[in-house]
Student: 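Dropping the structure in here first, questions after.
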Amino acid sequence: QVQLVESGGGFVQPGGSLRLSCAASGNIFSNNLMGWYRQAPGKGREFVAAISWSDDNTFYADSLKGRFTISRDNAKNTVALQMNSLKPEDTAVYYCYADVIVESRTDYTRYWGQGTQVTVSS
C-alpha cells in the first residue's frame with residue numbers, strides 16, 4: 001500500500017557532500033515518522049536519522065551529529081538527508097523508512113525503500 005522511492009546516492013570523494021531524498025506514496029492516512037538507516041559491508045544495519053511529521057523533532061546517531069541533517073516536506077511525504085564532510089566509513093547502502101498509518105487503519109506500519117548506494121572514496 002505504500003512505496004518509498006530513494007534518490008541521490010552515488011560516488012563522492014572524502015570531504016564531499018551528497019543529498020539523499022525519499023518520497024513515500026500510496027494509501028497514507030497519516031505519516032508519523034520518516035528516516036534513514038544504513039548498512040556497510042560486513043556490518044549490521046545502523047540508525048542514521050529520523051524526523052517526526054507531527055512536531056518536527058529530529059533524531060540523529062551521535063556519531064553523525066553536525067555532519068548529517070534531515071528535513072521533510074509534509075505535503076509531498078518526502079524526507080531528505082543532507083550529508084556533508086563525508087568519510088570513507090560513511091560508505092554504505094542507505095535505506096529510507098516510513099512509519100505510517102494507512103487509510104482505514106489505526107496502527108502504524110513500517111515500510112522500507114530498496115536502498116541507495118553511497119560510496120566515499122578518493
Student: Could you walk me through whether Val102 and Thr109 satisfy the side chain to side chain contact (heavy atoms under 4.5 Å, CB included) test, starting with their C-alpha distance in whole Å, then the side-chain angles of each, then the deciding distance to 0.1 Å, before giving a yes or no?
Tutor: CA-CA 8 Å; Val102 298; Thr109 302; 5.7 Å; no
Student: Hydrophobic clusters here meaning ILVMFWY residues chained together by side-chain heavy-atom distances under 4.5 Å, can you tell me if Leu33 and Tyr94 are in one?
Tutor: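 No, separate clusters.
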Student: Restricting to non-hydrogen atoms, name the atom on Gln117 and the atom on Ala92 that form the minimum distance, rounded to 0.1 Å.
Tutor: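 Heavy-atom minimum between the residues: NE2-O, 3.4 Å.
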Student: Any idea which heavy atoms bring Met34 and Leu4 closest together, and the distance?
Tutor: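 Closest pair (atom of Met34, atom of Leu4, distance): CE-CD2, 4.4 Å.
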Student: Could you check Phe59 against Phe47 for side chain to side chain contact (heavy atoms under 4.5 Å, CB included), going step by step and ending with a plain yes or no?
Tutor: CA-CA 10 Å; Phe59 310 89; Phe47 175 76; 4.1 Å; yes
Student: Could you tell me the separation between the CD atom of Glu6 and the CH2 atom of Trp36, rounded to the nearest 0.5 Å?
Tutor: 5.0 Å
Student: With side chains defined as the heavy atoms from C-beta onward, is the minimum distance between Leu20 and Val118 less than 4.5 Å?
Tutor: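 Of all side-chain heavy-atom pairs linking Val118 with Leu20, at least one is under 4.5 Å.
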Student: Determine whether Tyr111 and Ile28 satisfy the following criterion, side chain to side chain contact (heavy atoms under 4.5 Å, CB included), listing intermediate values before the conclusion.
Tutor: CA-CA 11 Å; Tyr111 294 88; Ile28 299 173; over 6 Å; no
Student: Would you kindly say whether Thr119 and Ser121 are connected by a side-chain donor-acceptor distance under 3.5 Å?
Tutor: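 Side chains of Thr119 and Ser121: no pair found under 3.5 Å.
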Student: Find the distance between CG (Leu64) and CG (Leu81) and round it off to the nearest 0.5 Å.
Tutor: 8.5 Å
Student: Between Trp53 and Asn31, which heavy-atom pair has the shortest distance, and what is it?
Tutor: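 The answer is CB-O, 2.9 Å.
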Student: Between CG of Asn27 and OG of Ser104, what distance do you get to the nearest 0.5 Å?
Tutor: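 Taking CG in Asn27 and OG in Ser104, the distance rounds to 7.0 Å.
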Student: Can you check whether Tyr97 and Tyr37 have ring centres sitting under 6.0 Å from each other?
Tutor: yes
Student: Show the nearest heavy-atom pair for residues Tyr60 and Ala49, with the distance to one decimal.
Tutor: CD2-CB, 3.7 Å
Student: Taking all atoms of both residues into account, what is the closest heavy-atom pair of Ala40 and Thr91, and its distance?
Tutor: CB-O, 3.5 Å
Student: Report the relative orientation of the aromatic rings in Trp112 and Tyr95; use parallel for angles under 30°, tilted for 30 to 60°, perpendicular for over 60°.
Tutor: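 Rings of Trp112 and Tyr95: perpendicular, as their planes differ by over 60°.
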Student: Got a donor-acceptor contact below 3.5 angstrom from the Gln3 side chain to the Gly26 backbone?
Tutor: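 A pair under 3.5 Å: no.
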Student: State which residues pass side chain to side chain contact (heavy atoms under 4.5 Å, CB included) with Gln13; sequence neighbours excluded, sorted by chain then number.
Tutor: none
Student: Might you point out which heavy atoms bring Ser17 and Gln82 nearest each other, and give the distance in Å?
Tutor: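 In terms of heavy atoms, the two residues are closest at CB-NE2, 3.9 Å.
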Student: Scan residues 74-94 for pairs that pass salt bridge (charged side-chain N to carboxylate O under 4.0 Å, His left out), counting only residues two or more places apart or in two chains.
Tutor: Arg38-Asp90, Arg67-Asp90
Student: How long is the straight-line distance from CG of Asn57 back to OG of Ser52, given to the nearest 0.5 Å?
Tutor: 6.0 Å
Student: Are Ile51 and Asp56 close enough, and set up right, to give a side chain to side chain contact (heavy atoms under 4.5 Å, CB included), and what steps lead you there?
Tutor: CA-CA 6 Å; Ile51 186 166; Asp56 206 30; 3.5 Å; yes
Student: Calculate, to the nearest 0.5 Å, the distance between atoms CG and OH belonging to Asn32 and Tyr108 respectively.
Tutor: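 So the CG of Asn32 and the OH of Tyr108 are separated by 3.5 Å.
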Student: Taking everything shown except Gln114 itself, do over 12 heavy atoms lie less than 6.0 Å from its CD?
Tutor: no
